[in-house]
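Letters A, B, ... are given to chains in the order of the sequence lines, protein chains preceding strands, and every chain is numbered from 1.
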Amino acid sequence: MTAHRKLLSGNHAVSYGVMLAKPKVIPVYPITPQTPILEKITELQTAGELDADIMTAESEHSAMAACITASLTGVRVFTATASQGLMLMHEMLHYASGARAPIIMANVNRTIGSPWAFWPDQTDSLAQRDCGWIQYYCETGQESLDTVIQAFKVAEQVMLPAMVIHEAFYVSHSVEPVEIPGQETVDEYLPPFTPEHRLDPAIGESWGNVVNQEMYYRHRQDMGRAMEHVCDLAQKADQAWQELTGRGYGIMEEYCCDDAKVVLATMGGLAGTAREAVDILRQKGLKVGLLKVKLFRPFPVFQVRKILSAIPKVIVMDRNYAPGTGGFLHQEIKAALYGLANSPEVHGYLVGVGGVNVSPENIMDLVNRAMAETAFPESVWVG
Amino acid sequence: MMISYNIPEEKVFLSGHNACPGCGEALALRYILNTLGPETVGVVPPSCIAIISGPQPYSSMRIPVYQTTLEASAASAAGIKRALDVQGKTQVNVVALAGDGGTYDIGFQALSAAAERNEDIIYICLDNEGYMNTGAQKSSATPWLAYTTSTPGGKPTGKKNVAEIMAAHEIPYVATATVGFPDDLTAKIRKAKEMKGMRFIVVLTPCLAGWGVPDSQAVRVSRLAVDTGIFPLYEVENGRKYTLNWEPRGIPVDTYLRTQSRYKHLTADQIEEIQQEVNRNMTYLREKQ
Ligand SMILES: Cc1ncc(C[n+]2csc(CCOP(=O)(O)OP(=O)(O)O)c2C)c(N)n1
Ligand code: SF4
Ligand SMILES: [Mg+2]
């Protein structure tokens, strides 16, 4: 089918991206608010539009275990989860990246229990930032669809797994017109997955055997080297996608940053609200810009330093929270800017944690507040 | 039926591995892998089996082996089988080789689910009745009163009957086997290999250090386990058709228990109680045939 537009929720947009990328094995387990991804995938498979083996696992842990081995056996693999499901997978997330299995997983950001809640909060995936997975944060269903396809391309070049992440409800369940690219476009963009190393008696290679200290050291170094290529490859993958479809996102988006005196920095759905706030503040004559961080792992340190070096004030908005350290993006941006000659003043605000609504007005208040105070080293609760 | 010693010729499992000399688990691996043959992919979780199969860059198994996490063997095996099938490589056997800890305990959820989905895999539990790799702690396969390093006063509860639980999933094939009966063991592997769907075999494999058995005695202890009726050899097809493969010779359980230092603290009354329990189990099993 050629490219066409359809009204889709963010989750269903992901499912269409998956269909176009043609994974062959999909082990998956339901959890709110991810379940519509799973349901649409099974529907597409039943309708004959997706030729994949779907394994209805009994847990996310087993789903990820099967993702790893299916990937190591030489086929393209997809799964999706959220919150508690991602928490249960934790052991296998490390196992997947260690096995260099380029699995693509959609994660729908949802609060982690206890107590139980269902709201958009990015702590679930951000707490997995050190598992060796590439992480993309998306703002709309269209972006998630496009990013799923891009993620396969990048992951399979570096042989590392990747998460494509969007927030509960704001993105996952919001229905918007989404362009579904044509299959030929995707086929042209994404070559078949044919790994040289795989589990096959005809080859005889194994994986996971006990190694000594030096082998382990080298293995981690190799993973690091692969990660080092990701910023560049993700940038190129996005450019190539833009040339084919007209849609590109970059690994970061700079909005009105050129002459900005203050730059708001955030990820995911909040970027849309922030863009609106920037427009209003600009009309009022305030030189405000926005930095949307899309690729969070690897963290594009070089790009962040380049974009923010001449900016006097940066306001980081985190819809996530790590007790004892604060907002994740706040920590990462401070670390990225460390040692820079004229490093900006970095304010970190905890907004929207637990899914609390953040309006353009809230963001404008935040800008006014930051203009009036000097930055604290720690993230500050606002609300 | 005579006990015989037909060892399969195919050399998939090799010598020079790291098992304790005389280990029952290593012996079982030799029979199992040489019977399955080279068109096989193995899945091994942490256990003595993992030690026997490695370490990098060596392998004692001339097949691809994926070493998985302790609780994920069945799911990992399913992932391989499904990925082979979608590539048209349907002739390849996928076998999980897991310990009792990785099967009865932490891996049970994934195992039960794989059985429910009737995954096309062979799952073999090498049951040495404890967590031997971590220094002989109890598992739910450890029998009543056996000493382990986590039950120094003897295990207060009995052994979980995993064969019956798996049979209750009504999968195509469930069997028990042990290294003292190589013909029976290899016949069951051959039979399983010819079948489709979920196949589960629990193989009793005496552990020398964990059970307190001399290097030369694994096979003798294994035979006594069967001939006392403590570990009967049987198979269950589709959860319904029971076949007792060997009629125990009725040797008193005391003879078996005395071969192992893990039972040395047992009183005469306790031994009698074990005898009664074994008698009841054998009656129950015969009735099911
Ligand atoms: C999640 C997890 N918990 C604990 C361990 C530590 N561990 C490694 S092997 C093992 C015991 C395995 O016992 P069993 O499956 O019976 O195999 P055996 O060593 O007896 O052959 C344990 C607890 C682990 N590897 N993973
Ligand atoms: S500890 Fe026991 S199971 Fe492990 S290798 Fe030694 S004899 Fe075999
Ligand atoms: Mg054991």
Peer 1: Select one option (side chain, backbone, both, neither) describing which atoms of B/T40 are under 4.5 Å from chain A's heavy atoms.
Peer 2: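 Only the backbone of B/T40 comes within 4.5 Å of chain A.
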Peer 1: Tabulate, in ascending numerical order, the residues of residues 92-106 of chain A having at least one heavy atom closer than 4.5 Å to a heavy atom of chain B, or enter 'none'.
Peer 2: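 A/M92, A/Y95, listed by number.
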Peer 1: Is it the side chain or the backbone of B/V65 that comes within 4.5 Å of chain A heavy atoms, both, or neither?
Peer 2: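 Contact with chain A: backbone and side chain both.
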Peer 1: Could you tell me which of A/G204, A/G208, A/P201, A/A66 has the largest number of non-hydrogen atom pairs under 4.5 Å with chain B?
Peer 2: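 Of the options given, most contacts go to A/P201.
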Peer 1: If you count heavy-atom pairs under 4.5 Å between each of B/T69, B/V44, B/T68, B/I51 and chain A, which one has the most?
Peer 2: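 Looking at each option in turn, the highest pair count goes to B/T69.
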Peer 1: Which heavy atom in B/S76 sits nearest to a heavy atom in A/A65, and how many Å separate them?
Peer 2: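 Taking every non-hydrogen atom into account, OG-CB, 3.9 Å.
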Peer 1: Identify which part of A/I54 has an atom lying under 4.5 Å from any heavy atom of chain B, answering side chain, backbone, both or neither.
Peer 2: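 When you check distances to chain B, only backbone atoms of A/I54 fall under 4.5 Å.
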Peer 1: Using heavy-atom distances under 4.5 Å, tell me whether B/Q109 contacts chain A through its side chain, its backbone, both, or neither.
Peer 2: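 Answer is both: backbone and side chain atoms of B/Q109 are under 4.5 Å from chain A.
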Peer 1: Do B/E71 and A/E91 come close enough that some side-chain heavy atom pair is under 4.5 Å?
Peer 2: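 Yes, at least one pair of side-chain atoms sits under 4.5 Å.
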Peer 1: Using a 4.5 angstrom heavy-atom cutoff, name the option from A/P27, A/S62, A/C67 with the most pairs to chain B.
Peer 2: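 Among A/P27, A/S62, A/C67, the one with the most close pairs to chain B is A/S62.
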Peer 1: Between A/N209 and B/Y58, is there a donor-acceptor pair closer than 3.5 Å when you use the side chain of the first and the backbone of the second?
Peer 2: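 Yes; at least one donor-acceptor contact below 3.5 Å.
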Peer 1: Please name the residue in the list B/I63, B/I80, B/L84 that meets the side-chain contact (heavy atoms from CB on, under 4.5 Å) test with A/L199.
Peer 2: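 Exactly one pass, corresponding to B/I80.
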Peer 1: Considering non-hydrogen atoms only, spot the tightest contact between B/R117 and A/A57 and give its length.
Peer 2: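 Residues B/R117 and A/A57, closest heavy atoms: NH1-CA, 3.6 Å.
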Peer 1: Flag yes if more than 12 heavy atoms outside B/Q91 fall under 6.0 Å of its CD atom; otherwise flag no.
Peer 2: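 Result for CD/B/Q91: enclosed.
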Peer 1: Under a 4.5 Å cut-off applied to non-hydrogen side-chain atoms, are B/Y66 and A/I68 in contact?
Peer 2: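 Answer yes - side chains close enough.
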Peer 1: So does B/N118 have more than 12 non-hydrogen atoms from other groups sitting under 6.0 Å from CG?
Peer 2: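 Yes - once you tally the heavy atoms of other residues, nucleotides and ligands closer than 6.0 Å, there are more than 12.
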Peer 1: With a 4.5 Å limit on heavy-atom distance, are the side chains of B/P57 and A/M215 in contact?
Peer 2: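 In short, these two side chains touch, coming nearer than 4.5 Å.
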Peer 1: Can you tell if the side chain of A/T69 reaches within under 4.5 Å of the side chain of B/V43, non-hydrogen atoms only?
Peer 2: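 The answer is no; the side chains never approach within 4.5 Å.
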Peer 1: Do you know which of B/P64, B/A77, B/A114, B/A75 has the most heavy-atom pairs with chain A at a distance under 4.5 angstrom?
Peer 2: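 So the answer, after comparing B/P64, B/A77, B/A114, B/A75, is B/P64.
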Peer 1: Kindly determine whether A/D53 and B/D85 satisfy side-chain contact (heavy atoms from CB on, under 4.5 Å), including the steps that lead there.
Peer 2: CA-CA 9 Å; A/D53 178 302; B/D85 282 354; 6.0 Å; no
Peer 1: Please classify the contact between A/L72 and chain B as side chain, backbone, both or neither, with a heavy-atom cut-off of under 4.5 Å.
Peer 2: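 Contact with chain B involves the side chain of A/L72 alone.
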Peer 1: With rounding to the nearest 0.5 Å, note down the distance linking OG1 in A/T73 to NZ in B/K89.
Peer 2: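 It is 8.5 Å, given to the nearest 0.5 Å.
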Peer 1: Is the shortest side-chain heavy-atom distance between B/Q56 and A/V210 below 4.5 Å?
Peer 2: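 Contact flag for B/Q56/A/V210 side chains = no.
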Peer 1: Would you mind checking which part of B/E116 comes under 4.5 Å of any heavy atom in chain A, side chain (CB onward), backbone (N, CA, C, O), both or neither?
Peer 2: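 Contact with chain A involves no heavy atom of B/E116 at all.
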Peer 1: Starting at CZ of B/R82, measure out to NZ of A/K24 and round the result to the nearest 0.5 Å.
Peer 2: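 Taking CZ in B/R82 and NZ in A/K24, the distance rounds to 14.5 Å.
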Peer 1: If every non-hydrogen atom of A/E58 is compared with every non-hydrogen atom of B/A110, which pair is closest and at what distance?
Peer 2: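 Nearest pair, atom of A/E58 first, then B/A110: OE2-CA, 3.4 Å.
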Peer 1: Side chain from CB out, backbone as N, CA, C, O: work out which of these in A/D200 comes under 4.5 Å of a heavy atom of chain B, or both, or neither.
Peer 2: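 Both parts, backbone and side chain.
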Peer 1: Does atom CZ of A/R129 have more than 12 heavy-atom neighbours, drawn from other residues, nucleotides or ligands, at distances under 6.0 Å?
Peer 2: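 Yes, the 6.0 Å shell around CZ holds more than 12 heavy atoms from other groups.
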Peer 1: Is chain B contacted by the side chain of A/S71, its backbone, both, or neither, given a heavy-atom distance below 4.5 Å?
Peer 2: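 The answer is neither part of A/S71.
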Peer 1: Between A/V211 and chain B, with a heavy-atom cut-off of 4.5 Å, which part of the residue counts as in contact: side chain, backbone, both or neither?
Peer 2: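 Both the backbone and the side chain of A/V211 come within 4.5 Å of chain B.
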